[in-house]
Visitor: 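Here's a structure for you.
Small disclaimer: the values here were computed from a predicted structure and weren't measured. Chain letters run A, B, ... following the sequence lines, proteins first, then strands; residues in each count from 1.
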2 protein chains.
Amino acid sequence: MNSRNTKAKSVILQLLKEAKQALSHDALQAALAGSADRATIYRVLNRFCTEGIIHRTVGDDGKQYFALCVDCQEKHHQHNHFHFRCFTCGKVECLPNQIEVNLPKGYRTENFTGFISGYCAACA
Amino acid sequence: MNSRNTKAKSVILQLLKEAKQALSHDALQAALAGSADRATIYRVLNRFCTEGIIHRTVGDDGKQYFALCVDCQEKHHQHNHFHFRCFTCGKVECLPNQIEVNLPKGYRTENFTGFISGYCAACA
DNA sequence: CTTATTATTGCAACTTAGTCGCAATAATAT
DNA sequence: ATATTATTGCGACTAAGTTGCAATAATAAG
């Protein structure tokens, strides 16, 4: 009785799967076209994050983006990759490079956020 | 007649100099203790950014942090470094490492944001 | 199939971060 | 001393995200 299959959950998951890129809350809300409440979308996304189905990153626009990143699916969840946002087309994609930043002695990493914005190949 | 010396500007600059780390708007506001208006602080910070005196980064908490980073002062402004935020003490510091991320062909970088949060040596 | 349990939803209110218009203030130049 | 206009303070506003609560609807149990 832990988790239930609801329309909102399956549609949001489907959208994230199809997108193959990171989506913001409002992009999802637009795609859902009123079929789910604002708060519900936020809650579903947060649930997916804690369940480890998707990962969250914060853009340099201060907004949260959610992605179902392909290569960190089954493996030990490692999200030390950068995200790229195109100013023109607005898409936010996961970049393949895994980054290692060496922190000062004694520091412990809990969360990694790498974000680059600019113009993608199609829009540059 | 481009820029004027005002109390707000000099105090905020002074605070950023003393801090030797990135400060958020509300940290500055607290330090200013009512001696400057919310909106003024935001405006001064934005002005400093466009003047190139300080740089802005967005934390994984979605908040903006402003720093007068030492090593990118006079040089050609290069802010491809990571910032680290400690969950416990809350400080946000600039990490020395300059990062190079190789983007897909044809992509143009406009903005770089690297943010790591966790526990600093003193708090871990 | 029917009923009970409770995860999930929708709604509304709320918080926080940041921006903006406008009149008042006060640096600087004349 | 006066004029110019950058800057400030105030208030209203927006956008992103969260939360409380009652209603809804998956699932489990009978």
Visitor: Does B:S3 have a side-chain nitrogen or oxygen under 4.0 Å from the phosphate oxygens OP1 or OP2 of C:dT28?
Guide: no
Visitor: Please report the distance, rounded to the nearest Å, between CD1 in B:I41 and P in C:dA17.
Guide: 12 Å
Visitor: Over all heavy atoms of both residues, which pair between B:K105 and A:A121 is shortest? Give the atoms and the distance, please.
Guide: O-CB, 3.5 Å
Visitor: To the nearest Å, give me how far apart CG (B:D60) and P (C:dA17) are.
Guide: 14 Å
Visitor: Can you confirm whether B:R38 sits close enough to B:Q29 that some side-chain heavy atom of one is under 4.5 Å from a side-chain heavy atom of the other?
Guide: yes
Visitor: Is there a side-chain contact between B:H55 and B:C94, using heavy atoms and a 4.5 Å cut-off?
Guide: yes
Visitor: List in chain and number order the residues that pass side-chain contact (heavy atoms from CB on, under 4.5 Å) with B:V11, two or more places apart in sequence or in another chain; answer none if no residue qualifies.
Guide: B:K7, B:L15, B:L32
Visitor: Atom NZ of A:K9 to atom P of C:dT9: distance rounded to whole Å?
Guide: 7 Å
Visitor: Ignoring hydrogens and angles, answer whether the base of C:dT6 and the side-chain atoms of A:R4 contain a donor-acceptor pair closer than 3.5 Å.
Guide: yes
Visitor: May I have all residue pairs that pass salt bridge (Lys or Arg N to Asp or Glu O under 4.0 Å) and include part of residues 15-32 of chain B, sequence neighbours excluded?
Guide: B:D26-B:K63
Visitor: How many Å lie between CG on B:L32 and P on D:dT8, as a whole number?
Guide: 11 Å
Visitor: Measure the spacing between CD1 of B:I54 and CG of B:L13 and express it to the nearest 0.5 Å.
Guide: 8.0 Å
Visitor: If the cut-off is 4.0 Å, is B:T6 near the phosphate of D:dT8, judged by side-chain N/O to OP1 or OP2?
Guide: yes
Visitor: Nearest whole Å is fine: how far is C:dA7 C1' from A:D37 CG?
Guide: 16 Å
Visitor: Expressed as a whole number of angstroms, how long is the span from A:Q29:CD to C:dT9:C1'?
Guide: 14 Å
Visitor: How many whole angstroms separate atom CZ of B:R47 from atom P of D:dT8?
Guide: 5 Å
Visitor: Starting from B:V92, walk the hydrophobic network (Ile, Leu, Val, Met, Phe, Trp, Tyr; side-chain heavy atoms closer than 4.5 Å) and list everyone else you reach, by chain and number.
Guide: B:Y65, B:F115
Visitor: Does the side chain of B:T40 get closer than 4.0 angstrom to OP1 or OP2 of D:dG9 through an N or O atom?
Guide: yes
Visitor: Can you tell me which residue pairs pass the side-chain hydrogen bond (donor to acceptor under 3.5 Å, both in side chains) test with a partner in residues 107-124 of chain B, sequence neighbours excluded?
Guide: A:E93-B:Y107, B:D60-B:S117
Visitor: Select from A:K7 and B:N5 the residue whose nearest nucleotide in DNA chain C is closer to the 5' end of that strand.
Guide: A:K7
Visitor: Nucleotides 18-20 of chain C: which of its N/O atoms have a protein N/O under 3.5 Å away?
Guide:
residue : atom : partner : partner atom : Å
C:dG18  : OP1  : B:Q64   : N            : 2.8
C:dG18  : OP2  : B:Y42   : OH           : 3.1
C:dG18  : N7   : B:R38   : NH2          : 2.9
C:dG18  : O6   : B:R38   : NH2          : 3.0
C:dT19  : OP2  : B:N46   : ND2          : 3.3
C:dT19  : O4   : B:R38   : NH2          : 3.3

Visitor: So how far off straight is the helix from C:dC1-D:dG30 to C:dT30-D:dA1, going by the axes through five pairs at either end, to 10°?
Guide: 30°
Visitor: Carefully, step by step, assess A:I12 and A:T40 under the rule side chain to side chain contact (heavy atoms under 4.5 Å, CB included).
Guide: CA-CA 10 Å; A:I12 290 172; A:T40 299; 5.8 Å; no
Visitor: If I take atom CG in residue A:L45 and atom P in nucleotide C:dT9, what distance separates them, rounded to the nearest angstrom?
Guide: 11 Å
